[in-house]
Engineer: 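Mind having a look at this structure? Questions to follow.
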Amino acid sequence: MKRIKVLSVFGTRPEATKMVPLILEMRENPSIESVLCVTAQHRELLDGVLEPFGITPDYDLDLMTAGQTLTDITVRVLKDFAPVLEEVKPDILLVHGDTATTFAASLAAFYQRISVGHVEAGLRSYDKYRPYPEEVNRKITTAIADMYFAPTDISRENLLKENVSDEAIYVTGNTAIDFIKYAASEKRVFSNSALEGVDFTKRVILMTAHRRENRGQPMENICNAVKRIVADFPDTFLVWPVHPGKASKEPAHAILGGMERVLLTEPVDIYDMCNLMSRAELLLTDSGGLQEEAPVFDLPTIVLREVTERPEGLTAGTLTLAGVEENSIYNEAVRLLTDREAYEKMAKAKNPFGDGNASKRIVEAIIKATSKNKGDNKC
């Protein structure tokens, strides 16, 4: 029987963390020939995810350049990925989520009449500038895709509202939870030596912030709020693995640099991040993926955004939306640091994002759909 040739493409660390378990699952399945291309739109953050799993891309476009714009990334992906598609000739292209790589690679596949499977399909904030540019990226990908791997029933409903055929939608759970199964370890030794300076006798607040829509004044608001939180709660210790982009790095160091009980580090690998989440008291983040991962560790999460495309977390109670105003962030953190009942309610809320078997479901769906399209007896 001819194997199904699946080409996966991604370019950022968040995409990599969510595609790694799927790639590992496909490797183990004799019905699938798995081929991987990375665009490396985030070079230094991407490699640290793949290497621990022994994953070497078959194609590496190495597109990252200093000061790159969204237009730069999109044009280069569209142009440089086309020859890969022509050479590999996959039965299906798998893209993930909502990056420039996602929608540009999908468009390139459409131009060559290659089927597209969209992993983590159907997320919506219904505000095209929040998150920016992700909301539009995923909506464009929806228009192109042929198979939709929706993480939740809410994602499925979003797709149905946009007239996607129900037969093309597969509710799988989120592969982020699968990844945590691989990455989380009982080992509690940090690979980043800087993290040895974290005082775990304090209540550790873990933070990340890097979104485009939070650049400028919102990022300053976030930093000022966090500065007040640490100053007003002497029993806390803040850890912030700072994104390398200057839009995050400059205000972080200008406002929080040198402050007692604050550790600003370079980005950490996923093992160290899991370690931090397992030992932290509170998470403040504008990340999408961490909103899904934190509940695995019973970690209450304050979302540093005006809107979230993961309303399941709000409904379940694992997340709370604080916005990007200094006082609203400060007040929400104070509430959880002082109200133990409210804190425990969030910590014990059920994770709505999956059971860790999303990758297996996606592979099964691809095999079933491909067999149906080609004919079960066609070899």
Side-chain angles (χ1 to χ4, degrees), residues 2-29 31-65 68 70-121 134 137-138 140-141 144-149 175-176 178-179 182 270 289 359 362-363 366-367 370:
K2 181 182 177 182
R3 293 195 296 168
I4 303 163
K5 185 179 286 188
V6 181
L7 173 60
S8 304
V9 62
F10 51 81
T12 69
R13 169 172 157 165
E15 288 175 295
T17 59
K18 293 182 178 184
M19 289 296 281
V20 158
L22 182 52
I23 290 167
L24 295 176
E25 185 71 29
M26 289 191 292
R27 277 184 175 181
E28 297 298 315
N29 195 299
S31 297
I32 289 181
E33 177 185 351
S34 177
V35 182
L36 172 61
C37 175
V38 296
T39 64
Q41 80 176 67
H42 288 172
R43 174 87 275 165
E44 70 273 26
L45 300 180
L46 175 68
D47 294 344
V49 177
L50 301 181
E51 290 169 0
F53 293 95
I55 295 176
T56 301
D58 300 283
Y59 298 87
D60 188 338
L61 303 185
D62 196 21
L63 297 183
M64 183 174 178
T65 60
Q68 62 190 1
L70 291 172
T71 301
D72 294 333
I73 298 167
T74 302
V75 170
R76 286 197 299 269
V77 172
L78 191 58
K79 179 176 180 292
D80 292 3
F81 186 55
V84 176
L85 289 167
E86 291 169 1
E87 182 174 325
V88 176
K89 293 180 174 58
D91 294 301
I92 186 170
L93 171 70
L94 289 185
V95 297
H96 181 277
D98 49 29
T99 67
T101 288
T102 301
F103 104 77
S106 298
L107 185 58
F110 167 70
Y111 286 159
Q112 297 190 33
R113 297 179 180 270
I114 293 170
S115 295
V116 174
H118 189 190
V119 180
E120 197 181 83
E134 288 84 358
N137 285 345
R138 55 181 163 238
I140 294 172
T141 304
I144 296 171
D146 302 278
M147 296 185 72
Y148 303 83
F149 305 111
T175 56
D178 300 27
F179 185 79
Y182 284 105
I270 192 64
S359 298
I362 292 170
V363 169
I366 290 171
I367 293 171
T370 305

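Treat the numbers as computed from the prediction; the structure is a model and nothing was measured.
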Engineer: What distance separates Ile23 CD1 from Leu36 CG, expressed to the nearest 0.5 Å?
Structural biologist: 4.5 Å
Engineer: Under the side chain to side chain donor-acceptor pair (under 3.5 Å) test, which residues partner Glu28, sequence neighbours left out?
Structural biologist: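 In terms of side chain to side chain donor-acceptor pair (under 3.5 Å), with neighbours along the sequence ignored, Glu28 is linked to no residue.
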Engineer: Rounded to the nearest 0.5 Å, how far does CG of Asp58 lie from SG of Cys37?
Structural biologist: 9.0 Å
Engineer: Any idea which heavy atoms bring Gly54 and Arg27 closest together, and the distance?
Structural biologist: O-NH2, 3.3 Å
Engineer: Please report the shortest heavy-atom distance between Lys18 and Ala176, naming the atom on each side.
Structural biologist: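 Minimum heavy-atom separation between Lys18 and Ala176: CE-CB, 3.7 Å.
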Engineer: Return the minimal non-hydrogen interatomic distance between Asp60 and Ala40, and the atom names on each side.
Structural biologist: OD1-CB, 4.0 Å
Engineer: Side-chain atoms of residues 73-85: list all donor-acceptor pairs with protein atoms under 3.5 Å, sequence neighbours left out, distances to 0.1 Å.
Structural biologist:
| unit_1 | atom_1 | unit_2 | atom_2 | d |
| --- | --- | --- | --- | --- |
| Thr74 | OG1 | Leu70 | O | 2.8 |
| Arg76 | NE | Leu63 | O | 3.2 |
| Arg76 | NH2 | Leu63 | O | 3.1 |
| Arg76 | NH2 | Thr65 | OG1 | 3.4 |
| Arg76 | NH2 | Gln68 | OE1 | 3.1 |

Engineer: Quick one: does Leu94's side chain get under 4.5 Å of Phe10's, heavy atoms only?
Structural biologist: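 Answer no - side chains too far apart.
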Engineer: Is any side-chain heavy atom of Met26 closer than 4.5 Å to one of Ser8?
Structural biologist: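 Yes - at least one pair of side-chain heavy atoms lies under 4.5 Å apart.
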Engineer: Where do Leu50 and Pro57 come nearest, in terms of heavy atoms and distance?
Structural biologist: CD1-CG, 4.0 Å
Engineer: Work out which heavy atom in Pro21 is nearest to a heavy atom in Asp178; give both atom names and the distance.
Structural biologist: CB-CB, 3.7 Å
Engineer: Within this structure, what is the OG-CD1 distance for the pair Ser31 and Ile4, rounded to the nearest 0.5 Å?
Structural biologist: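 Interatomic distance, Ser31 OG to Ile4 CD1, rounded to 0.5 Å: 6.0 Å.
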Engineer: Of all the heavy-atom pairs spanning Ile114 and Leu93, show the shortest one and how long it is.
Structural biologist: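 Answer, listing the atom of Ile114 first, then Leu93: CG2-N, 4.2 Å.
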Engineer: According to side-chain contact (heavy atoms from CB on, under 4.5 Å), who are the partners of Ile140, at least two apart in sequence or on a separate chain?
Structural biologist: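 Testing Ile140 for side-chain contact (heavy atoms from CB on, under 4.5 Å), a comparison that skips the adjacent residues, returns Phe103, Val136, Ile144.
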Engineer: Is it the case that atom CZ in Phe110 sees more than 12 heavy atoms from other parts of the structure closer than 6.0 Å?
Structural biologist: no
